[in-house]
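Here's the structure we're looking at; comments come further down.
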Amino acid sequence: VTAGGPGRRTGEALARPGSPPSIRVALYGAVAIVAALAPFALLLPPPLRVTVGFIFVLFGPGAAVTGWFPKLKPVAEVLIATVLSLVITTAAGEVMLTVRAWSPLGYAAVVAPVVVIMLVRHIISLALGRSRFGADQASQTQ
Amino acid sequence: VTAIPNLEALVAIGSPAPSKQRRSRAALGHAAALVAALLCWAASLRQVDLGRMSDLGLISVLPALYFVSLGVLCVGLWYALRAPTFRPSVVACYLLLLLLVLHGTVPVLYQEPHYAFVYKHFGVAAYIDAHGSVDRSVDIYQNWPGFFSALAILSHITGTSPLTWANWAQPFFSGLDLLAVCYVARGLTRDPRRIAWSATLFLLADWVGQNYLSPEAFGFLCSLTALGIVLNELGYRARARRQSHALTRFAFRGDRLLARWKRPARRTMEPPVAEASLPGWLAVSLVLLISAAVVVSHQLSPFFLIGGLTALVIGRRCRFRWLPVAVFVMTVAWVWLALPFLSIHFVLFSTDIGANSGGVTQVGSIDHQWVGSASRALSVFVWVFAVCAFTSQTRRRPREGIAIVALLALVPAAVILVQSYGGEAIYRVYLFSLPWCCCLIAGSLVDFPRRRAMDQPSAGYRRRVRAGLTLGLVATMAPLLLVAHFGYERANLMPANEVAVTTWFESHHRAGSILTFVVGNWPIKLGPNYNTYRGGGTYGGPILSQPQFQGRLLGPTDVPLVVEWLRGLGAPDVYVALGPAEEAYAEGFGLAPPGAVSHFQDLLLASPAFQLVHRDGDAALLELRQASSGSH
């Protein structure tokens, strides 16, 4: 496994920035809507509650964080977003256990607004065609 | 370096490029193959009768259509991987469908989660959700509650029990593992064909089955992701030793300033293989956060992670040399907190390497011996192939990266120097070395056989040899994987009525009761009050694990002995659960002759010393009568 093998040219194609903005906007929008519903999970009908719960816990926090890094490749973005979501949930659970303040819905109530705000900010950035680190790096190359 | 594209351009001019029509024909062929495989798989599942399963597991009841589907996918994937024009999307579709066929079959077919031991995880999550705290004296799970707390949060927010969706954790974790393998491979090579081969080999060699809803699956995924972040983000950026200030070095803006205003820094790392996507401080923070989650979730995974990080530091692929030390300190601190429980119930270090690397040795039926042989053959096949791949690649120039991949593949083996992990350490070693072995093999497959001189094998000859080798590889691994992966399913299948019996018991028992079994292959401890009764091995194990009842056919004369032993346990109430999964496990693993367990269960059921308190289909729950009220 070495750099610069026969796949060099095709490898350069992989070095493009992450997934297309339209897909990202759609995904962020979907996760933001789900995250907005998460604190009200108890009020939702069962099938919707299950869907909202899974999408929020498995993808919400991670998507909000990885949204800051548009240079991540799609594979890395999906992987890191999901793993980060699980890790943030684990960390939150561990903190709640340690301070003896167990409240899963409290977790949703605290994290969901942050996730929604961050995702909306990413959507606006993408819609305006710029993003923080992407813009930074673009200016760096000029 | 600049000559390479020119050379490729010349080659491209000399060889006929695939026409647009040919390309669309190939795309149509792939689409047809994918749809056909999906339909075959879906149709095959309707013909499965789980009741007819033999000791060869699921493969004994899967219809021919299933194998057709798998065959189409394997051949199609192989063809897509060797096509002159590499299409990542086509390969991704094949991998996704192969993942579904391999890991989605059980969730579709089974009513309840398979593996008896997964049910304890539901109990811990339910306990955490009900009590809002953990009790470190209860069991080892409550000393590493990280993953279970996340499970409890998920369960609470969705309003469902993990029982209803636990089987889907397997395709979920397998899919993420596949992405993680692609991610780490991306940190080693820019060749998408090699990355795709690494993922394919991983999918075809991962027979261990550690991707169920468990802290192990979470630990493996997080460890691999953390190592991927280090490989992709922290291993190659130039470092200015003298010029940089500590603050600016750890800040993204500082990195930019360095790049803009300082002179080009001296490279101290391996040559770059990819462009950084994250600022250094953020990548390090992510690795530390992920490592912390692994440390609080699983006992063994942090040590594999520390080994991997150390290997990356040694191989100059991680510029933050304190990273493994930081994870080690976190791990030691957490083990220190759990030490009171560990020192009483477990042996912390076992230096008997032979025993540590032996695995779980059970003789069992002929079919089970075949399954065991298949899993061993697949492991040896992968390891031997990886060694051959390493040897062949060390002769190449440039060869940077090979040594570090080999080191990463070797490091997990260090665990067997100090721990047997209940006989399972060797399986963990295989699992944690597998991604790196796959990267090694993939690295040598793509340009095998190597062209040494202009007059040596022609391109056509090399292509044919490579095609034969890769097809042989897939054709060998896929059947072995099927046998190894599905072979123990007769014992792993948990009937719904046995789960119902345990649920009933957990809502009716008195605190301090004992729930025992003939064999012990039973779904227990799935509710929030699982700590209020003793089950599993906490009272000395099930009936067949007692020395006085082993190695012989149990008959009517053994019932009084069993009753005497149960009364000697000193519990206020003793229950015995009876069901078909016990029989399947005992037969498969050679604990009793065929029919012996069900015969003995009938004897217990007929004994006046026991009272039938609950029945659900084939499963029954007996309560031992008090000594004064019952007779033998």
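Owing to the predicted nature of the structure, the values given are computational and were not obtained by experimental measurement. Sequence lines set the chain letters: A, B, ... in the order given, protein chains first and strands last, and positions in each chain run from 1.
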Note: B/Ser392 and B/Ser444 closest approach over all heavy atoms is OG-CB, 3.7 Å
Within the structure provided, determine whether A/Ile124 and A/Leu128 are in side-chain contact (heavy-atom separation under 4.5 Å). yes
I want to check something: taking the side chain as every heavy atom from C-beta on, are B/Ile153 and A/Met96 in contact at a cut-off of under 4.5 Å?
yes
| request: Check whether any side-chain heavy atom of B/Met330 lies under 4.5 Å from a side-chain heavy atom of B/Leu288, and answer yes or no. | output: yes
Look at the side chain of A/Thr51 and the backbone N and O of A/Pro47, then say whether any donor-acceptor pair between them is shorter than 3.5 Å. yes
Contact list (residues 102-109 of chain A to chain B, heavy-atom gap under 4.5 Å, by number) returns A/Trp102, A/Pro104, A/Leu105, A/Tyr107, A/Ala108
What orientation do A/His122 and A/Trp68 show, parallel under 30°, tilted 30 to 60°, or perpendicular over 60°?
-> perpendicular
Pair count under 4.5 Å, heavy atoms only, with chain A: among B/Ile128, B/Val296, B/Thr160, highest is B/Ile128
Applying a strict 4.5 Å limit to non-hydrogen atoms, the region of B/Ala152 in contact with chain A is both
The interface call for B/Phe172 against chain A, heavy-atom contacts under 4.5 Å, is side chain
Applying a strict 4.5 Å limit to non-hydrogen atoms, the region of B/Ala180 in contact with chain A is both
Per-residue tally against chain A (heavy atom, under 4.5 Å) across B/Ala92, B/Cys222, B/Gly228, B/Pro145 peaks at B/Pro145
Tightest non-hydrogen contact, residues B/Val405 and B/Cys439, listed as CG1-CB, 4.1 Å
Pair count under 4.5 Å, heavy atoms only, with chain A: among B/Ile157, B/Leu151, B/Leu221, B/Leu176, highest is B/Ile157
So, the part of A/Val83 with a heavy atom under 4.5 Å from chain B: the answer is side chain
Honestly, the part of B/Ser297 sitting under 4.5 Å from a heavy atom of chain A is side chain
Smallest heavy-atom separation, B/Cys182 atom then A/Val75 atom, equals CB-CG1, 4.1 Å
*Decide side-chain hydrogen bond (donor to acceptor under 3.5 Å, both in side chains) for A/Ser125 and A/Arg121; before the verdict, give the C-alpha distance in whole Å, the side-chain angles of both, and the deciding distance to 0.1 Å.*
CA-CA 6 Å; A/Ser125 296; A/Arg121 186 240 174 250; 2.7 Å; yes
Next item on the list: Without swapping roles, check the side chain of B/Trp334 against the backbone of B/Asn143 for a donor-acceptor pair under 3.5 Å.
Entry: yes
Quiz item: Would you say B/Phe220 and B/Phe173 make side-chain contact, with heavy atoms under 4.5 Å?
Solution: no
**Study point:** Mutual orientation of the aromatic rings belonging to A/Phe54 and B/Trp165 [parallel < 30°, tilted 30-60°, perpendicular > 60°]
**Key:** perpendicular
Pair count under 4.5 Å, heavy atoms only, with chain A: among B/Thr225, B/Ile290, B/Val134, highest is B/Thr225
Note: B/Leu81 and B/Ala196 closest approach over all heavy atoms is CD2-CB, 3.4 Å
Among residues 32-44 of chain A, those lying within the under-4.5 Å heavy-atom range of chain B are A/Ala41
Heavy atoms of B/Val294 and B/Ser223 approach each other most closely as CG1-OG, 4.1 Å
